[in-house]
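Remarks on the structure that follows.
This chain uses plain numbering: 1 for the first residue, then up along the sequence. Everything quoted here is computed from the prediction, not taken from an experiment.
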Amino acid sequence: EGRVAESGGGLVQAGGSLRLSCAAPGFSFDDYAIGWFRQAPGKEREGVSCISRRDGSTYYGNSVKGRFTVSRDDAKNTVYLQMNSLKPEDTAVYYCGAIKWEGQCMPVVTMVIAEVWGQGTLVTVSS
């Protein structure tokens, strides 16, 4: 079974930007959607964004819409999450997950589902 691995987390001031990467070797983007999720201390994991298989259509949760952008590099088998205008409430461990999903990937985010999860990368936004 393939694995996914996140990188790019760190400490940033409010208003700043970070780009997270999700390396997904062994997963074909013809078959798998990739979701981004996060979990803040003491809170449940929530869906952030996703990119659908094949056509690469995207979906964003309301809390990040307009600030985060998900993209994909098929040649590198890597998905990115560009995070701009970061807020302290964005502080969390961010995870990516791969799942075989037909059609638009919105349910992956709203139901917080994945078949294979990464180990997470910590994003801390200071005020």
Side-chain angles (χ1 to χ4, degrees):
E1 187 175 68
R3 294 183 177 184
V4 295
E6 309 88 343
S7 61
L11 173 65
V12 63
Q13 287 189 332
S17 298
L18 278 176
R19 188 179 79 158
L20 305 183
S21 299
C22 174
F27 289 97
S28 169
F29 293 146
D30 282 344
D31 298 319
Y32 285 84
I34 301 294
W36 282 101
F37 311 86
R38 67 187 182 185
Q39 188 164 17
K43 295 189 176 181
E44 291 187 353
R45 190 170 297 188
E46 67 168 335
V48 173
S49 180
C50 64
I51 186 162
S52 302
R53 70 177 206 167
R54 294 186 184 174
D55 71 355
S57 57
T58 58
Y59 174 81
Y60 300 92
N62 287 335
S63 61
V64 306
K65 199 175 298 182
R67 300 187 298 123
F68 290 12
T69 303
V70 62
S71 61
R72 193 174 76 195
D73 186 330
D74 290 0
K76 295 182 178 179
N77 254 82
T78 300
V79 173
Y80 303 97
L81 185 68
Q82 178 66 43
M83 306 186 296
N84 298 330
S85 302
L86 283 161
K87 305 174 182 179
E89 52 264 43
D90 294 317
T91 294
V93 177
Y94 283 71
Y95 301 88
C96 67
I99 184 169
K100 270 193 176 181
W101 192 264
E102 293 277 351
Q104 302 304 306
C105 64
M106 180 183 73
V108 172
V109 173
T110 58
M111 294 193 291
V112 191
I113 51 173
E115 294 172 6
V116 178
W117 294 92
Q119 80 288 350
T121 186
L122 176 63
V123 172
T124 304
V125 184
S126 63
S127 56

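- Note on ring orientation: taking the six-membered ring where Trp is involved, the planes of Trp117 and Tyr95 are perpendicular (angle over 60°, cut-offs 30° and 60°).
- Pairing each heavy atom of Gln82 with each of Asn84, the nearest pair is NE2-OD1, 2.9 Å.
- Scanning both residues, Cys105 and Ser52, for their nearest heavy atoms gives N-OG, 3.0 Å.
- Val109 and Ile113 fall into different hydrophobic clusters, where Ile, Leu, Val, Met, Phe, Trp and Tyr are joined by side-chain heavy atoms under 4.5 Å apart, directly or via other members.
- A single hydrophobic cluster is not seen to contain both Tyr32 and Val79; linkage of ILVMFWY side chains at heavy-atom distances under 4.5 Å, directly or through other members, places them apart.
- Taking both residues in full, the closest heavy atoms of Gly47 and Phe37 are given as CA-CD2, 3.7 Å, listed atom of the first, atom of the second, then distance.
- At a threshold of 4.5 Å between non-hydrogen side-chain atoms, the residues Ser7 and Thr121 do not count as touching.
- At least one donor-acceptor pair under 3.5 Å links the side chain of Asn77 to the backbone N or O of Phe27.
- Atoms CZ and CG, on Phe29 and Asp73 in that order, are 8.5 Å from each other to the nearest 0.5 Å.
- Residues Arg53 and Glu102 are in side-chain contact: their nearest non-hydrogen atoms beyond the backbone lie under 4.5 Å apart.
- Closest of all the heavy-atom pairs between Ala24 and Ile34 is CB-CD1, 4.5 Å.
- Residues forming a side chain to side chain contact (heavy atoms under 4.5 Å, CB included) with Lys65 (at least two apart in sequence, or on another chain): Tyr60, Asn62.
- To the nearest 0.5 Å, the span separating CG on Asp30 from NZ on Lys100 amounts to 11.0 Å.
- Interatomic distance, Ser85 OG to Arg67 CZ, rounded to the nearest 0.5 Å: 7.0 Å.
- For the pair Lys87 and Asp90, the minimum side-chain heavy-atom distance is below 4.5 Å.
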Would Arg19 and Tyr80 count as a side-chain contact (heavy atoms from CB on, under 4.5 Å) here? Give the steps.
CA-CA 7 Å; Arg19 188 179 79 158; Tyr80 303 97; 3.6 Å; yes

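- With hydrophobic clusters built from ILVMFWY side chains whose heavy atoms lie under 4.5 angstrom apart, Val70 shares a cluster with Val123.
- Shown are Thr110, Val48, Ile51, Val108; of these, the side chain to side chain contact (heavy atoms under 4.5 Å, CB included) with Tyr59 is made only by Thr110.
- Side-chain atoms of Glu115 never come within 3.5 Å of backbone atoms of Ala98 as a donor-acceptor pair (strictly under, hydrogens ignored).
- With hydrophobic clusters built from ILVMFWY side chains whose heavy atoms lie under 4.5 angstrom apart, Val12 shares a cluster with Phe68.
- A donor-acceptor contact closer than 3.5 angstrom is absent between the side chains of Gln13 and Ser126.
- Interatomic distance, Thr91 OG1 to Leu122 CG, rounded to the nearest 0.5 Å: 8.0 Å.
- Summarising the geometry, atom CE belonging to Met83 is positioned 11.0 Å from atom OG1 belonging to Thr69; distances are rounded to the nearest 0.5 Å.
- Minimum heavy-atom separation, Pro88 to Ala14: CD-CB, 4.1 Å.
- The nearest pair of heavy atoms linking Ser21 to Thr78 is CB-CG2, 4.2 Å.
- Looking at Glu46 and Arg38, a side-chain N of the basic residue comes within less than 4.0 Å of a carboxylate O on the acidic one, giving a salt bridge.
- The distance from atom CG of Asp31 to atom CD1 of Ile99, rounded to the nearest 0.5 Å, is 12.5 Å.
- If you chain together hydrophobic residues whose side chains sit under 4.5 Å apart, Val93 and Val112 fall into the same group.
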